[in-house]
Peer 1: 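Would you mind keeping the following structure in view while I ask a few things?
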Amino acid sequence: QVRMVESGGGLVQAGDSLTLSCVASGGTFSSNAVGWFRQAPGKEREFVAYISENGRITDYTDTMKGRFTASRDNAKNTVYLQMNSLKSEDTAAYYCAVYQVGSTRRPDGYTYWGQGTQVTVSL
């Protein structure tokens with residue numbers, strides 16, 4: 001059983017930066033691609049970023065491309081999400097999960113979700 005634990009969220013001001021971490025345990029982390037998703041109150045969970053097993057392939061939604069960067073350190077079983085130039089609309093709970101099958105941009109393609117970390121961006 002793989003367990004994912006996110007951390008690094010918090011309250012920041014618009015324009016600030018924040019780095020989220022996702023630590024995996026219980027599996028062969030270097031064999032798993034990982035996705036980041038977010039969910040705001042009353043909204044569906046949406047794709048944020050994808051990073052391949054070796055970190056060489058990344059994907060982002062257009063609204064986050066250039067502001068968010070996913071990276072990973074397989075020696076530490078950790079995936080990161082660097083978020084720059086944060087906006088109020090980035091306020092959400094952020095989740096990481098292990099990619100399993102199908103579209104890399106849909107939540108149903110993922111398993112082993114973390115509990116999420118809250119990011120709140122004030123104006």
Side-chain angles (χ1 to χ4, degrees):
Q1 180 82 7
V2 176
R3 182 168 180 250
M4 310 288 275
V5 179
E6 305 94 336
S7 63
L11 173 63
V12 297
Q13 294 185 328
D16 285 352
S17 298
L18 205 58
T19 299
L20 306 182
S21 299
C22 171
V23 179
S25 62
T28 308
F29 180 71
S30 60
S31 300
N32 299 126
V34 174
W36 284 98
F37 290 77
R38 69 185 186 185
Q39 189 167 19
K43 295 188 177 181
E44 292 187 352
R45 190 163 296 190
E46 67 169 338
F47 172 75
V48 173
Y50 165 90
I51 185 165
S52 63
E53 294 87 336
N54 57 16
R56 293 176 184 170
I57 299 173
T58 55
D59 183 35
Y60 309 90
T61 57
D62 289 344
T63 56
M64 298 155 204
K65 199 173 296 184
R67 295 193 300 126
F68 290 10
T69 303
S71 61
R72 65 191 295 161
D73 184 341
N74 285 345
K76 296 182 178 180
N77 287 352
T78 303
V79 173
Y80 304 97
L81 184 67
Q82 171 71 39
M83 305 185 294
N84 298 326
S85 302
L86 283 164
K87 307 174 182 179
S88 58
E89 51 264 43
D90 293 320
T91 295
Y94 284 72
Y95 301 87
C96 62
V98 173
Y99 172 71
Q100 188 175 40
V101 66
S103 171
T104 58
R105 291 190 167 205
R106 292 178 54 87
D108 57 11
Y110 290 78
T111 186
Y112 301 124
W113 291 85
Q115 83 292 343
T117 186
Q118 178 67 36
V119 173
T120 303
V121 184
S122 64
L123 293 171

Peer 1: Taking atom CE of Met4 and atom OG1 of Thr111, what is their separation to the nearest 0.5 Å?
Peer 2: 10.0 Å
Peer 1: Working to the nearest 0.5 Å, report the span between CE of Met83 and OG1 of Thr69.
Peer 2: 11.0 Å
Peer 1: In Å, rounded to the nearest 0.5 Å, how long is the span from CH2 of Trp36 to SG of Cys22?
Peer 2: 5.0 Å
Peer 1: Which other residues belong to the hydrophobic cluster containing Tyr80, where Ile, Leu, Val, Met, Phe, Trp and Tyr are joined when side-chain heavy atoms lie under 4.5 Å apart, directly or via other members?
Peer 2: none
Peer 1: Does a sphere of radius 6.0 Å around CD in Glu44 hold more than 12 heavy atoms from other residues, nucleotides or ligands, not counting ones at 6.0 Å or beyond?
Peer 2: no
Peer 1: Go through the structure and list residues passing ring-ring contact (aromatic ring centres under 6.0 Å, His included) with Tyr110, not counting sequence neighbours.
Peer 2: Phe37, Tyr99
Peer 1: Taking the hydrophobic residues Ile, Leu, Val, Met, Phe, Trp and Tyr, and joining any pair whose side-chain heavy atoms are under 4.5 Å apart, which ones share a cluster with Leu11?
Peer 2: none
Peer 1: Between the side chain of Arg72 and the main-chain N/O of Ser30, is any donor-acceptor distance below 3.5 Å?
Peer 2: no
Peer 1: Would you compute the distance between atom CE of Met64 and atom CZ of Arg38 and round it to the nearest 0.5 angstrom?
Peer 2: 3.0 Å
Peer 1: For residues 115-123, which side-chain donor-acceptor pairs fall under 3.5 Å, sequence neighbours excluded?
Peer 2:
| from | atom 1 | to | atom 2 | distance (Å) |
| --- | --- | --- | --- | --- |
| Gln115 | NE2 | Glu6 | O | 3.2 |
| Thr117 | OG1 | Gly9 | N | 3.0 |
| Gln118 | NE2 | Ala92 | O | 3.4 |
| Gln118 | NE2 | Thr120 | OG1 | 3.4 |
| Ser122 | OG | Val12 | O | 3.3 |

Peer 1: Share the residues that join Val23 in a hydrophobic cluster, the rule being Ile, Leu, Val, Met, Phe, Trp or Tyr side chains under 4.5 Å apart at the heavy-atom level.
Peer 2: none
Peer 1: Grab the two heavy atoms, one from Tyr50 and one from Phe47, that are nearest each other, plus how far apart they are.
Peer 2: N-CZ, 3.5 Å
Peer 1: Find out whether Tyr112 and Gln1 are in side-chain contact, i.e. whether some heavy atom of one side chain is under 4.5 Å from a heavy atom of the other.
Peer 2: yes
Peer 1: Indicate yes or no: does Lys87 engage Asp90 in a salt bridge with an N to O separation below 4.0 Å.
Peer 2: no
Peer 1: If I take atom CG from residue Asn74 and atom OG from residue Ser31, how far apart are they, to the nearest 0.5 angstrom?
Peer 2: 8.5 Å
Peer 1: Hey, does the side chain of Tyr60 reach the backbone of Ala70 with a donor-acceptor pair shorter than 3.5 angstrom?
Peer 2: yes
Peer 1: Please determine which of Thr58, Thr63, Leu81 meets the side chain to side chain contact (heavy atoms under 4.5 Å, CB included) test together with Phe68.
Peer 2: Leu81
Peer 1: For residues 51-61, pull every pair meeting salt bridge (Lys or Arg N to Asp or Glu O under 4.0 Å), keeping only residues two or more places apart or in separate chains.
Peer 2: Asp59-Arg105
